[in-house]
Amino acid sequence: MIDVMVAYPNTDTLSFDDDYYLDKHAPLVNSLLGERGLRYLRVHRQIDPQAPYHLVAHLGFESVQRFEAAFAEVGDELLADIANFTNVEPVLQANDVIDTPV
């Protein structure tokens, strides 16, 4: 299992339409990637205005290969929608998910 982090930096010039992201972009992600192996979309919005990221989305996939194949199909459409809610470029990072005992 992998988790792809999509983080939107909290810059001095940040413009971010949270409503658009939650009402339009997140459903678009679920719709386009859900058919292509997306296991979850979790959205983390900062509560501290000084946080390094305004919003971080986590996308779960079975493997890097599954994510890359899905993104190759619909990534251009998802990337094009970013301009509708923010003026910053997101930072992407793929991570292994390691479960630990509680």
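- A search for ring-ring contact (aromatic ring centres under 6.0 Å, His included) contacts involving H54 returns F16, not counting sequence neighbours.
- H58 NE2 to I2 CD1: the interatomic distance, rounded to the nearest 0.5 Å, is 12.5 Å.
- Here the options are V43, D81, T86, I82, the test is side-chain contact (heavy atoms from CB on, under 4.5 Å), and the partner is Y21; only V43 passes.
- Note: the hydrophobic cluster containing V74 also contains L41 (ILVMFWY, side chain heavy atoms under 4.5 Å, direct or indirect links).
- At most 12 heavy atoms of other shown residues, nucleotides or ligands fall within 6.0 angstrom of atom CG in D76.
- Between N10 and Y53 there is no side-chain heavy-atom pair separated by less than 4.5 Å.
- N84 and Y20 share a side-chain donor-acceptor pair at under 3.5 Å.
- Summarising the geometry, atom CG belonging to L59 is positioned 8.5 Å from atom CG belonging to L92; distances are rounded to the nearest 0.5 Å.
- Annotation: the span from H25 atom NE2 to D19 atom CG amounts to 15.0 Å, rounded to 0.5 Å.
- With contacts defined as side-chain heavy-atom distances shorter than 4.5 Å, the pair V91/P9 qualifies.
- Side-chain contact between L55 and H44 is absent, with no heavy atoms from C-beta onward closer than 4.5 Å.
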Query raised in the report: Do Q93 and V4 pass the side-chain contact (heavy atoms from CB on, under 4.5 Å) test, and can you show the C-alpha distance, the side-chain angles, and the key distance before you say yes or no?
Result: CA-CA 6 Å; Q93 179 175 307; V4 178; over 6 Å; no
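- Annotation: R66, atom CZ; neighbour count of heavy atoms from other residues, nucleotides and ligands within 6.0 Å does not exceed 12.
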Requested in this report: Evaluate the criterion ring-ring contact (aromatic ring centres under 6.0 Å, His included) for residue pair Y8 and F85; output intermediate values, then yes/no.
Outcome: CA-CA 11 Å; Y8 296 90; F85 61 88; 5.7 Å; yes
